[in-house]
*Asks:* 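Right, I'll just put the structure down here and ask away after.
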Number of protein chains: 2
Amino acid sequence: MSTIKDVATKAGVSRSTVSRVLNNHPYVDEKKRKAVQDAIKELGYTPNSSAQRLRGTETKTIAVLVSRIVNPFFSAVVDAMDEVATMHSYRMILCNTRGRADQELHFLELLRTKQVDGVILASVVNEWETIYPYLQYGPIVLCNEYPRGLHGAPVITIDQKKAMTTITKHLLHKGYHSIAYCNVYDVNHLPEGVRSPLAEDRYEGFVQAMEMEGKVVHSSWRFSGHSVDDGRNILRTILGLTNRPDAIITGSDEIAAGIIAEAKIKNVRIPEDLAVVGFDNQPTATLLEPQLTTIHQPTFEMGKQTMEMLLALLANQVEQFEPVTFLEAPIQIRHST
Amino acid sequence: MSTIKDVATKAGVSRSTVSRVLNNHPYVDEKKRKAVQDAIKELGYTPNSSAQRLRGTETKTIAVLVSRIVNPFFSAVVDAMDEVATMHSYRMILCNTRGRADQELHFLELLRTKQVDGVILASVVNEWETIYPYLQYGPIVLCNEYPRGLHGAPVITIDQKKAMTTITKHLLHKGYHSIAYCNVYDVNHLPEGVRSPLAEDRYEGFVQAMEMEGKVVHSSWRFSGHSVDDGRNILRTILGLTNRPDAIITGSDEIAAGIIAEAKIKNVRIPEDLAVVGFDNQPTATLLEPQLTTIHQPTFEMGKQTMEMLLALLANQVEQFEPVTFLEAPIQIRHST
DNA sequence: CTGAAAGCGCTAACAT
DNA sequence: ATGTTAGCGCTTTCAG
């Protein structure tokens, strides 16, 4: 494996000159520059980035933390981020936290130890006061999820509460009035005492819309989950209830898909017997039968803007940023409501 | 940010002793060890891994290359790999190549520059002779896809040809005889002259089964694609044909889902007017209506065994490996055929 | 415009 | 059992 020394020898110059060519410094004789470039090509030389890092330059690497890459929402967001990062010749390392606080911290260490230039948190489980200190080592941008008390770092997300209020009202105005609610949690139950502000905000939007219309929120109609199987189970539970809801709002299209799939087996008609609302507008939403009414999350924009914000921060191009950016999240009314 | 020197000073020992404690060497006085550990804790010290790498020790990091993380097949495989890696306290960096040969090579450089200990290729676009030289820098394990002429590195996959033969025969025996075929390609068309052995093997299995039963393979019934939209387009194309097939075998559930969704719009009955076969058995397969007949890919096992193989190679626990491991890929007959 | 030299933080002989 | 020393490959003053 060739080093900068080999290139220097081959090109008949010093290591410094090679370094200058590498880093596009001005004031390098054209002939020497050419000689160096030829040597680099011939040797198939690539700078050892561990050495570059050690020397204190940037790593051109971003860490992206998600709780669960198999969630189509996350893979879509990550895909958009990757596109932007690649375009700016940044590399992206994907960290699957599985919703574990220790894993999250573990990956944040990458920033402290200068293995990455910046971090994107697409899901958060630790308290902000735990994460905040890492800001001194480099920029952090949040995407989608956010902790309470967030400050010092921007977040790109949607207005969760508003989205839920809108969809709840839609249901109410369509004549449904016994509405069940399924909260979303990811992978693991959150650690004792820690709650997801995102989920809380959504629920608050739901409750507010219900109360505004004088409707009661039944505690026995409150569920939680994140997977298709969770959805299936929820439908079965509902069927066991003496007092059944006529609609259910869920925290993800996956849960909704499970409910719909199980409903077919149990001969429950959607939306006549039970209206179903999803969240995310995943690719699956239009493939289901009936097609799913859901809230569209602008995954591409979300990933793109988040990565762009981080890169801008890295380039010191940001004087002052909006603490919160809300992207539009229109409701998609289809045939499940 | 504190360094090993700070720790040494604080603990009143030399840097070597700190290093020894860090790396669990024997022969360290218990008192000093304790002093060092205390100093580490007080200073909140973490070794700078760029320095460690430069020095040539392991990185505890694996690079995983996939062409398209939004493909549920890949995210499932990656998820399984991540689980195994985490369990062995390895970190995983995800490289989304988008089917680009230069990106693939770029990420392979991580191995050469000692930024990762090993590489997993879940998709391959470069020729094996291009990739082969990287083996000298560390182990490479292939998963799912494979280049022609592969040697020196193990691959965990399924018997593509056999899977296609089996499913084609199923269709034939069920009475379908005008079978269209949709090849799978990922993200980009492959570079000129480069073909996907995986896709070729699948097609070969299809053709062989057809010919064995004396059926003709129509060239106008050959399509290719990878997305839901590709599937939609294919259905439209088929409807424009004067001589229509009565069944279609596709290279992924996503394509199949697109065909089914579009069929509904066009009032084409599945499977009466057109039988549809997918590939992968993605979570969506059972959510579609009709539920999709497909080939089950053991994503979890595939990811798990691939990562385990790589870790075993890294631990020098492997004398000699099976060049090819075929995992079972049973056909899932549901209602679309 | 270019080279010599110092040093980033760490580990592994080599001495003791 | 522990310290001293020599680099790993690179960038960046500092002189020329």
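Since we're looking at a predicted model, the values are computed, not measured. Each chain gets a letter, A, B and so on, in the order its sequence line appears, and its residues count up from 1.
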*Asks:* Contact class for B:Thr3 vs. all strands (heavy atom < 4.0 Å): base, sugar-phosphate, or nothing?
*Replies:*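 Contact class for B:Thr3: sugar-phosphate only.
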*Asks:* CG of A:Leu54 versus P of D:dG7: gap in Å, rounded?
*Replies:*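 To the nearest whole Å, that distance equals 17 Å.
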*Asks:* Working note: B:Val77 + B:Phe300, criterion side chain to side chain contact (heavy atoms under 4.5 Å, CB included); need CA distance, chi angles, decisive distance, verdict.
*Replies:* CA-CA 6 Å; B:Val77 169; B:Phe300 181 79; over 6 Å; no
*Asks:* Would you mind reading off the distance between B:Gln52 atom CD and C:dG9 atom P, rounded to a whole angstrom?
*Replies:*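 Taking atom P of C:dG9 as the reference, CD of B:Gln52 is at 13 Å.
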*Asks:* Identify all side-chain donor-acceptor contacts of residues 17-24 of chain B below 3.5 Å with residues at least two apart in sequence or on another chain.
*Replies:*
residue: B:Thr17; atom: OG1; partner: B:Ser14; partner atom: OG; Å: 3.4
residue: B:Ser19; atom: OG; partner: B:Asn23; partner atom: ND2; Å: 3.4
residue: B:Asn23; atom: ND2; partner: B:Ser19; partner atom: O; Å: 2.7

*Asks:* Tell me which pairs pass salt bridge (charged side-chain N to carboxylate O under 4.0 Å, His left out) where either residue lies in residues 129-143 of chain B, with sequence neighbours left out.
*Replies:*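 Counting only pairs at least two positions apart or across chains, no salt bridge (charged side-chain N to carboxylate O under 4.0 Å, His left out) contact touches residues 129-143 of chain B.
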*Asks:* Compute the angle between the rotation axes at the two ends of the helix from C:dC1-D:dG16 to C:dT16-D:dA1, each taken over five pairs, rounded to 10 degrees.
*Replies:*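 It works out to 40° between the end axes.
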*Asks:* Could you check how far CG of A:Asp6 sits from P of D:dC8, rounded to whole Å?
*Replies:*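 In whole Å, D:dC8 P lies 11 Å from A:Asp6 CG.
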*Asks:* Rounded to whole angstrom units, what separation is found between the CD1 atom of B:Ile40 and the P atom of C:dC10?
*Replies:*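 Whole-Å distance recorded here is 10 Å.
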*Asks:* Would you mind listing every salt bridge (charged side-chain N to carboxylate O under 4.0 Å, His left out) that reaches into residues 74-97 of chain A, with sequence neighbours excluded?
*Replies:*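 Counting only pairs at least two positions apart or across chains, the salt bridge (charged side-chain N to carboxylate O under 4.0 Å, His left out) contacts touching residues 74-97 of chain A are A:Asp79-B:Arg98, A:Asp82-B:Arg98, A:Glu83-B:Arg98.
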*Asks:* Of the options C:dT11, C:dA5, D:dG9, whose atoms approach the side-chain atoms of B:Leu22 most closely?
*Replies:*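 Comparing C:dT11, C:dA5, D:dG9 against the side chain of B:Leu22, the answer is C:dT11.
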*Asks:* Search all heavy atoms of B:Ser67 against all heavy atoms of B:Phe74 and return the closest pair with its distance.
*Replies:*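 Minimum heavy-atom contact is OG-CE1, 3.4 Å.
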*Asks:* For A:Val18, answer base if it contacts any base atom (sugar-phosphate contacts may also be present), sugar-phosphate if it contacts only those atoms, and nothing otherwise; contact means non-hydrogen atoms under 4.0 Å.
*Replies:*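 No contact at all - A:Val18 keeps every heavy atom at 4.0 Å or more from the nucleic acid.
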*Asks:* Are there over 12 heavy-atom neighbours, none belonging to A:Glu322, within less than 6.0 Å of that residue's CD?
*Replies:*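 Check fails, neighbour count at 12 or below.
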*Asks:* Do B:Arg53 side-chain and D:dG9 base share a donor-acceptor contact under 3.5 Å?
*Replies:*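 Flag unset: no donor-acceptor pair detected.
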*Asks:* Looking for any heavy atom pair under 4.0 Å, which part of the strands does B:Thr17 touch: base, sugar-phosphate only, or nothing?
*Replies:*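 Counting heavy atoms under 4.0 Å across all strands, the contact made by B:Thr17 is with sugar-phosphate only.
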*Asks:* In chain order, what residues pass the side chain to side chain contact (heavy atoms under 4.5 Å, CB included) check against B:Asn48, with sequence neighbours excluded?
*Replies:*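 Side chain to side chain contact (heavy atoms under 4.5 Å, CB included) list for B:Asn48, sorted by chain: A:Leu54, B:Ser50, B:Ala51.
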*Asks:* Heavy atom of residues 26-36 of chain B under 4.0 Å from DNA chain D: which residues?
*Replies:*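 Of all residues in residues 26-36 of chain B, the ones placing a heavy atom under 4.0 Å from DNA chain D are B:Tyr27, B:Val28, B:Asp29, B:Lys32.
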*Asks:* Which of the following nucleotides, D:dC8, C:dG3, D:dG9, is nearest to the side chain of B:Arg55?
*Replies:*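 For the B:Arg55 side chain, the nearest candidate turns out to be D:dC8.
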*Asks:* Output, in order, the C-alpha distance, side-chain angles, deciding distance and verdict of salt bridge (Lys or Arg N to Asp or Glu O under 4.0 Å) for A:Arg100 and A:Glu104.
*Replies:* CA-CA 6 Å; A:Arg100 286 178 45 187; A:Glu104 191 171 292; over 6 Å; no
*Asks:* Give the rounded distance in Å between these two atoms: CZ of B:Arg20 and C1' of C:dC14.
*Replies:*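 It is 11 Å, rounded to the nearest whole Å.
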*Asks:* Go through the side-chain N and O atoms of A:Tyr132 and A:Glu127 and say whether any donor and acceptor fall under 3.5 Å apart.
*Replies:*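 Judged by distance alone, the side chains do not pair up.
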*Asks:* Check whether any side-chain nitrogen or oxygen of B:Asn23 sits under 4.0 Å from OP1 or OP2 of C:dT11, and answer yes or no.
*Replies:*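 Yes, within the criterion.
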*Asks:* Where is the tightest heavy-atom contact between A:Thr3 and A:Asp6, given as atom of each residue plus distance?
*Replies:*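 That closest heavy-atom pairing would be N-OD2, 2.8 Å.
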*Asks:* Whole angstrom is fine here: how far is it from CG in A:Asn48 over to C1' in D:dG7?
*Replies:*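 Rounding to the nearest Å, CG of A:Asn48 and C1' of D:dG7 are 14 Å apart.
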*Asks:* Rounding to an integer number of Å, can you tell me how far B:Arg15 CZ sits from D:dG7 P?
*Replies:*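 The distance from CZ of B:Arg15 to P of D:dG7 comes to 14 Å, rounded to the nearest Å.
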*Asks:* Mind calculating the distance between NZ (B:Lys5) and C1' (C:dT11) to the nearest angstrom?
*Replies:*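 Checked: the NZ to C1' distance equals 16 Å.
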*Asks:* Can you tell me whether the side chain of B:Ser16 and the base of D:dT4 have a donor-acceptor pair closer than 3.5 Å?
*Replies:*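 Donor-acceptor pair under 3.5 Å: yes.
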*Asks:* Just compare C:dT11, C:dA13, D:dT11 and give me whichever is closest to any side-chain atom of A:Ile4.
*Replies:*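 Per side-chain heavy atoms of A:Ile4, the pick is D:dT11.
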